Structure formats: C-alpha cells, structure tokens
Visitor: 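Sharing a structure, written as structure tokens. Questions coming.
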Amino acid sequence: MAAPAVIILLGPPGAGKGTQARMLEERFGLVQLSTGDLLRAAVAAGTPAGLAAKAVMEAGGLVSDEIVLAILKDRMAQPDVARGVILDGFPRTAGQAGALDALLAAEGRGVSAAISLEVDDEAMVGRVAGRYTCAACGEGYHDEFKQPATAGVCDKCGGTAFKRRADDNAETVRERLSAYHAQTAPLIAHYRAMGVLETVEAMGSIDEIAEGLAAIVTRKAG
Ligand code: AMP
C-alpha cells in the first residue's frame, strides 16, 4: 500500500484553506490538520502553549516554531493520521517546512503535494470579515458566500450556535496577510524545488475550487 498522503494547502488568510480541507477530508477520507484550530483549542484550554500563543494570535503574528512544532508532532502521532493528512495553515515558515521534511524523511516519506491557492489579497479582507463557524461541529459559513440552508441552523449537524474568530477583523487580517507574504509565501519556491508544487486559481466559487483540488489529490493520493 502507498504511504499515507501528506497534502499541504498554502494560501493567505481567507483563501479557503479550511473550507477546502474539510471538503477533501470528506471526499478522500484524509484528516484535516489545522495548526490554527489546534492553537485555538490550546488557548481555550489555557494550556502553557495556549497562554504563550494568545497575544501573538490576537495581533495577527505567527506563533513560535517551537510551540507550533510541538503541537503538530503531538497531533501527527495520533493513529487517525495514518489515513493521510491535509495540512491547513502549516507549515508557515522555512523552519516549519524543514522540520516537516525531516519528520517525514525519518519515516521514508515525503510531501505528496503542496497546493498553493492563488487569490487577490484585497478580496481576502472581505472574505475573512464575513466568515463564521458552527460552534458544535466547526462547519464554516460566510455572510455573503455560504449561508446555512435554514437560517440559524447548521447544515451539517443541526447546531444553532455560531461563532466568529477574534482575529477575523480588517486590521488583524492585514497583519496576517503581511505575515503570509513575509514568511509563508517563500515556501512556494521550496516546494517547487522539491517538485511537489501545484497551484489552483482560488477566486471562483467554493465548488469550482474544490473540483480543481480534487483533481490534484486524485492524481497524487487517490
Ligand atoms: P489560522 O487558523 O490558520 O488562520 O491561524 C490563526 C493564527 O494562529 C495565525 O494568525 C497565527 O497566529 C497562528 N498560527 C496558526 N498556524 C500557525 C503556524 N503554522 N505557525 C505559526 N503560527 C500559526
């Protein structure tokens, strides 16, 4: 059997990484692994890592590689990950990319595909400002692009409580965009050099983008 797939989604905040990762998770049986979700859970639980990360996240900066790698390694050690993973929001720095390469190489594996979602920065501010999620199952929605079929009721789980992220405001998004361009966008060249880079034009509808991604995942890991 082929080694479990490791699919990386690269793109600025608002590009649709989380939405698309959840769709790929359902369609391909892969496991979405979002370091942002793991960090938010650590903040909510008040763990030492969460306490250290909170202010940085609120300001739109990047949490230290040390903290992020520790929570990522914990998650990668859990058994469900053996089905293959979609990394959403990781790696975000050259240090994280190098650590991931080393982690996989130690198991004789490598990144299956790093998919860059290509979007216009300015549109991202509006996309991020309108988004919210089901408090029970995490399904993502948007004021403009994706409302629940029945207002106020989650399509996936029937939950009726929704939440918005504290860092999804215009000012913090601009910080997050600049962190992306300074520290994460250079990883595109890293994955191109490794021969695993794929790009998807990601300004279209959620379903169109999903089709583009599914075609790549089928080719790389289907
Ligand atoms: P996200 O949910 O991916 O938008 O991440 C939310 C915030 O969590 C980011 O703005 C960062 O502060 C932090 N974060 C998430 N993933 C990482 C990562 N791989 N490296 C550093 N900081 C991260």
Side-chain angles (χ1 to χ4, degrees), residues 6-22 24-25 31-76 81 85-104 111 114-117 119 121 123-135 138-142 163-188 190-191 202:
V6 178
I7 307 284
I8 296 171
L9 296 186
L10 288 169
K17 300 184 297 295
T19 304
Q20 296 295 337
R22 285 174 70 93
L24 290 173
E25 185 173 41
V31 173
Q32 175 192 15
L33 203 161
S34 153
T35 45
D37 284 349
L38 294 170
L39 287 165
R40 279 184 288 280
V43 170
T47 65
L51 292 175
K54 188 170 188 283
V56 180
M57 292 172 74
E58 279 169 3
L62 291 185
V63 174
S64 73
D65 285 357
E66 192 190 355
I67 290 178
V68 171
L69 287 168
I71 62 165
L72 178 97
K73 284 181 184 162
D74 269 7
R75 184 66 188 87
M76 290 285 277
V81 164
V85 285
I86 310 152
L87 297 175
D88 156 13
F90 179 92
R92 262 182 160 93
T93 64
Q96 292 177 16
L100 176 66
D101 292 342
L103 193 76
L104 295 173
V111 170
I115 310 174
S116 171
L117 302 180
V119 291
D121 265 25
M124 296 306 101
V125 178
R127 275 204 199 174
V128 166
R131 67 189 186 180
Y132 58 98
T133 53
C134 171
E139 182 68 4
Y141 295 97
H142 193 280
K163 58 184 184 185
R164 289 179 193 260
R165 280 170 47 174
D167 61 349
D168 277 352
N169 58 73
E171 193 190 330
T172 312
V173 174
R174 292 198 190 281
E175 285 304 317
R176 289 159 60 201
L177 282 168
S178 57
Y180 175 78
H181 288 292
Q183 292 179 265
T184 310
L187 302 185
I188 291 172
H190 174 77
Y191 291 113

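None of the values given here were measured: they were computed from a predicted structure. All ligand and atom numbering here is 1-based and tracks the order in the structure.
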Visitor: Closest approach of Leu39 and Ala53, non-hydrogen atoms and distance?
Guide: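 Closest approach of Leu39 to Ala53, heavy atoms only: CD2-CB, 4.1 Å.
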Visitor: Suppose I only count heavy atoms of Leu39 and a 4.0 Å limit; which atoms of ligand 1 are within that range?
Guide: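 This gives 8 (O), 13 (C), 14 (N), 15 (C), 23 (C) as the contact atoms.
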Visitor: When you compare the side chain of Val128 with that of Arg176, does any pair of heavy atoms fall below 4.5 Å?
Guide: yes
Visitor: What atoms in ligand 1 come closer than 4.0 Å to a heavy atom of Gly89?
Guide: 16 (N), 17 (C), 18 (C), 19 (N)
Visitor: What is the nearest protein non-hydrogen atom to atom 4 (O) of ligand 1, stated with its residue, atom name and distance?
Guide: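 Result: Arg165 NH2, 3.0 Å.
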Visitor: Check Ala179 against Gly60 and note the closest heavy-atom contact, atom names and distance.
Guide: CB-O, 4.2 Å
Visitor: I need the contact type for Val63 against ligand 1. Using non-hydrogen atoms and a strict under-4.0 Å cut-off, is it side chain, backbone, both or neither?
Guide: both
Visitor: Report the part of Lys17 (side chain from C-beta onward, or backbone N, CA, C, O) that has a heavy atom under 4.0 Å from ligand 1; answer both or neither where that applies.
Guide: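 The answer is neither; Lys17 stays 4.0 Å or more away.
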Visitor: Please list, in number order, the atoms of ligand 1 under 4.0 Å from a heavy atom of Gln96.
Guide: 18 (C), 19 (N), 20 (N), 21 (C)
Visitor: Does Lys17 use its side chain to pair, donor to acceptor, with the backbone of Gly11 at less than 3.5 Å?
Guide: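 Yes: the side chain of Lys17 pairs with the backbone of Gly11.
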Visitor: Have a look at ligand 1 and work out which part of Met57, if any, has a heavy atom under 4.0 Å from it: side chain, backbone, both or neither.
Guide: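 Looking at Met57 and ligand 1, atoms from backbone and side chain both fall under 4.0 Å.
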Visitor: Examine distances only and state if a side-chain atom of Thr133 and a backbone atom of Gly138 form a donor-acceptor pair shorter than 3.5 Å.
Guide: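 Pair absent, no side-chain N/O of Thr133 close to backbone of Gly138.
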Visitor: Show me which atoms of ligand 1 lie under 4.0 Å from any heavy atom of Gly61.
Guide: 10 (O), 11 (C), 12 (O)
Visitor: So, Gln20 side chain and Gly16 main chain: donor-acceptor pair closer than 3.5 Å or not?
Guide: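 Answer holds: no.
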Visitor: Identify the closest protein heavy atom to atom 16 (N) of ligand 1: which residue and atom is it, and at what distance?
Guide: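 Here the closest protein heavy atom is Thr35 OG1, 2.8 Å.
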Visitor: Please determine whether side chain to side chain contact (heavy atoms under 4.5 Å, CB included) holds for the pair Val68 and Leu38, giving the CA-CA distance in whole Å, both sets of side-chain angles, and the decisive distance to 0.1 Å.
Guide: CA-CA 9 Å; Val68 171; Leu38 294 170; over 6 Å; no
Visitor: Backbone or side chain, does any N or O of Asp167 fall under 3.5 Å from an N or O of ligand 1?
Guide: no
Visitor: Just checking Glu171: does its CD atom have more than 12 heavy atoms from other residues, nucleotides or ligands closer to it than 6.0 angstrom?
Guide: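 At most 12 heavy atoms, drawn from other residues, nucleotides or ligands, come within 6.0 Å of this atom.
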Visitor: Can you pull out the closest protein heavy atom to atom 5 (O) of ligand 1? Residue, atom name and distance to 0.1 Å, please.
Guide: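 Answer for atom 5 (O) of ligand 1: Arg92 NH2, 3.4 Å.
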